[in-house]
Amino acid sequence: MRFVAIGVGVNQTPRSIRRHLEEHPLPFPVLFDASGAAVRAYQAPTTSYIVVLDKSGKVSYTGAGAEQDVATALGQVVGR
């Protein structure tokens, strides 16, 4: 089973995002949300906010900060 991960920079400049990614590369695309559409759509309260959608597009998990359990959330979405 595959999943798609996309990072969206919140309250950051494109330059600061590039600088962060040079030091901490991620294995998925990171986009700059210049208009804030993704932040508003998912009511992201902070950076390092994760939203997991199931295959129908329904939000199945949200989390923020270091205490996120993304592996379990992904396992539930892909049926593992």
Query - Residue pairs involving residues 16-26 (criterion side-chain hydrogen bond (donor to acceptor under 3.5 Å, both in side chains); sequence neighbours excluded) - result: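 Every side-chain hydrogen bond (donor to acceptor under 3.5 Å, both in side chains) pair that includes a residue of residues 16-26, provided the two are not neighbours, is Gln12-Ser16, Thr13-Ser16.
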For residues 38-45, tabulate all N or O donor-acceptor pairs below 3.5 Å that involve a side-chain atom, not counting sequence neighbours.
from  : atom 1 : to    : atom 2 : distance (Å)
Arg40 : NH1    : Ser35 : O      : 2.9
Arg40 : NH1    : Gly36 : O      : 3.2
Arg40 : NH2    : Ser35 : O      : 3.2

Requested in this report: List in chain and number order the residues that pass side chain to side chain donor-acceptor pair (under 3.5 Å) with Ser56, two or more places apart in sequence or in another chain; answer none if no residue qualifies.
Outcome: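 Residues passing side chain to side chain donor-acceptor pair (under 3.5 Å) with Ser56: Asp54.
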